[in-house]
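See below for the structure under consideration.
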Amino acid sequence: MRVLFVASECVPLVKTGGLADVAGALPKALTAKGVDVRVLLPGFPGVTALTSQGETVWQDDDVFGKPAAVRRAAVAGLDVLALDMPEFFERDGLYVTPEGEDWPDNPFRFASLAWVAARIARDGLQGGWRPDIVHAHDWQAALAPLYLRDWGVSDVATILTIHNMSYQGVCDADLRTDLNLPEAGFTSQGYEFYGKVNFLKAGLIHSDLVTTVSPTYARELESPEFGWGLEGVLAARQERAIGILNGIDTELWDPMSDPAVPSFTTRSLSGRKAARKTLLETFDIDPGRTGPVFAVVSRLTDQKGLDLLLGILPDMLRVDGSLILLGSGDRRLEEAFRVAARDHAGSVGVRIGYDEDLAHRIYAGADAILVPSRFEPCGLTQMYAMRYGALPVVARTGGLADTVIDANAAAISAGVATGFQFEPGSREAFANAIAKVFAVFHEPGLWRQMQRNAMRHPVGWDGPAERYVDLYARLMAAKEGQRRFSGTR
Ligand code: ADP
């Protein structure tokens with residue numbers, strides 16, 4: 001079974017969010033199950049740095065007017081295909097300029113990725129490798145199924161995974177000819193979206209299967225609140241979106257062998273004390289504070305609900321809690337948290353930026369991780385937190401609802417709670433959840449039990465990868481059935 005993954009990010013080569021974690025970990029889990037997976041990525045600087053010496057396995061002088069080559073390299077257990085198009089990808093910023101604006105040629109940059117994926121699927125690589133299945137991730141890859149269908153390629157199956165429906169890749173309709181999109185598809189039944197071109201919509205319509213990253217998000221996507229205008233497109237499909245919960249890479253995220261947190265030496269909570277102490281020092285938090293250390297590791301966007309946190313922060317601090325935040329994004333949120341750190345020196349510590357190593361240390365040393373998202377397709381931070389013994393405090397939405405067992409009376413008496421949930425978007429509900437965290441924190445026996453539950457909670461990729469293998473097998477059987485059927489006509 002040969003599968004071509006198509007994604008714009010992949011750990012450890014290039015990452016801005018959870019998509020990268022998935023595109024880096026799932027192929028490894030699939031490989032362990034005997035699937036031959038290759039991952040096609042844009043040649044961003046972090047990618048070409050590791051792949052430029054690789055063998056050239058595909059090339060064309062004219063992909064949307066630019067020369068393109070695909071180099072193959074083995075990186076960290078992955079079979080990587082890097083799309084080398086320096087004019088498009090050798091830039092500072094994957095999707096946005098250093099000033100935070102979308103790159104104006106994004107439609108062509110990511111149409112190239114999808115176009116080359118489709119060409120590889122149609123013609124194979126030099127040397128003969130040709131996928132049975134194209135597995136496209138998010139809008140950046142979503143035109144691949146459309147191109148394949150437009151060319152009449154029927155012996156390759158396509159699957160689209162939605163990691164976040166709020167990013168759709170929408171551009172001016174005038175570009176459609178230059179993007180090589182079929183004119184007949186520019187209708188409300190096709191890739192047209194309120195007079196524009198919508199990449200994700202094209203993928204939703206033309207993929208053989210659509211999946212998303214948690215069962216709850218799969219259902220939420222069918223409502224206007226979470227579907228971002230595409231809920232009807234999903235509902236109109238013969239088969240609804242299938243929710244498969246993400247896992248995490250349990251080798252990269254193993255507190256016992258994590259070089260970022262040397263104090264964890266046994267599979268127990270004892271390593272946390274030293275990790276917490278170091279963390280407090282790093283963020284200049286007063287070690288004399290008696291309440292829980294709350295932490296956030298996040299992109300700073302409206303989705304993440306961190307404005308709600310600003311609202312309840314003074315109350316948290318008054319009862320001796322403290323806050324650590326690592327994140328970047330929205331300039332106004334960055335500034336608001338900088339101001340909070342200045343106003344509450346000794347109890348609030350803020351790092352604006354992206355720092356993978358520091359993220360590991362935060363999960364290992366904080367008492368609780370806050371994820372107050374308005375919506376969250378899956379969310380990985382709560383899973384990293386649990387694995388490192390930090391209790392997650394999450395909005396009850398998407399994958400957050402599917403991964404955290406709320407400390408309600410029933411779960412506590414059954415001894416299974418792993419964190420705290422509250423109603424998304426509600427400041428009051430968030431404040432109540434925080435009050436509950438304080439109460440449990442001051443009951444050390446219960447707190448420790450929850451930490452142990454959280455650390456034992458199954459979060460690996462083995463189960464989810466099995467489900468993807470089943471889907472791939474189903475798709476291949478369907479293609480084979482179609483081939484036989486049309487052969488008899
Ligand atoms: P999203 O994909 O919406 O950003 P997820 O929770 O699925 O949210 O994944 C976020 C990933 O990015 C996690 O691996 C988290 O640790 C990481 N991350 C987010 N912000 C930062 C940051 N500022 N520094 C380091 N890691 C970060």
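From a predicted model like this one, the values you see are computed outputs, not experimental measurements. Note that ligands are numbered from 1 as they come in the structure, with each ligand's atoms numbered from 1 the same way.
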Enumerate donor-acceptor pairs with a distance under 3.5 Å from any side-chain N or O in residues 10-28 to protein atoms, sequence neighbours excluded.
residue : atom : partner : partner atom : Å
Lys15   : NZ   : Asp21   : OD1          : 3.0
Lys15   : NZ   : Asp21   : OD2          : 3.1
Lys15   : NZ   : Glu356  : OE2          : 3.4
Thr16   : OG1  : Glu9    : OE1          : 3.3
Thr16   : OG1  : Glu9    : OE2          : 2.5
Asp21   : OD1  : Tyr384  : OH           : 2.9
Lys28   : NZ   : Asp249  : OD2          : 3.0

Worksheet item: Salt bridge check: are Asp105 and Arg91 linked by an N-O gap of less than 4.0 Å?
Response: yes

Fill in: Test log, rule side chain to side chain contact (heavy atoms under 4.5 Å, CB included), inputs Val210 and Ile242
CA-CA 6 Å; Val210 174; Ile242 300 165; over 6 Å; no

Can you list, pair by pair, the side-chain donor-acceptor contacts under 3.5 Å of residues 329-342, counting residues two or more places apart and other chains?
residue : atom : partner : partner atom : Å
Asp330  : OD1  : Arg332  : N            : 2.8
Asp330  : OD1  : Leu333  : N            : 3.0
Arg331  : NH1  : Gly329  : O            : 3.1
Glu334  : OE2  : Gly329  : N            : 2.9

Fill in: Pairs where residues 367-380 contributes a residue and the test salt bridge (charged side-chain N to carboxylate O under 4.0 Å, His left out) is met, not counting sequence neighbours
Arg276-Asp367, Asp302-Arg374, Lys304-Glu376, Asp307-Arg374

Close N/O pairs between ligand 1 and protein, under 3.5 Å:
residue  : atom   : partner : partner atom : Å
ligand 1 : 2 (O)  : Gly18   : N            : 2.6
ligand 1 : 3 (O)  : Arg299  : NH2          : 2.8
ligand 1 : 3 (O)  : Lys304  : NZ           : 2.8
ligand 1 : 4 (O)  : Arg299  : NE           : 2.7
ligand 1 : 6 (O)  : Leu380  : N            : 2.9
ligand 1 : 6 (O)  : Thr381  : N            : 3.4
ligand 1 : 7 (O)  : Leu380  : N            : 3.4
ligand 1 : 8 (O)  : Lys304  : NZ           : 3.1
ligand 1 : 9 (O)  : Gly18   : N            : 3.2
ligand 1 : 14 (O) : Lys15   : NZ           : 2.8
ligand 1 : 14 (O) : Asp21   : OD2          : 3.2
ligand 1 : 16 (O) : Tyr363  : OH           : 2.8
ligand 1 : 23 (N) : Gly353  : O            : 2.8
ligand 1 : 24 (N) : Asp355  : N            : 3.1

Worksheet item: In terms of ring plane angle, is the pair Tyr388 and Tyr363 parallel, tilted or perpendicular, where the classes change at 30° and 60°?
Response: tilted

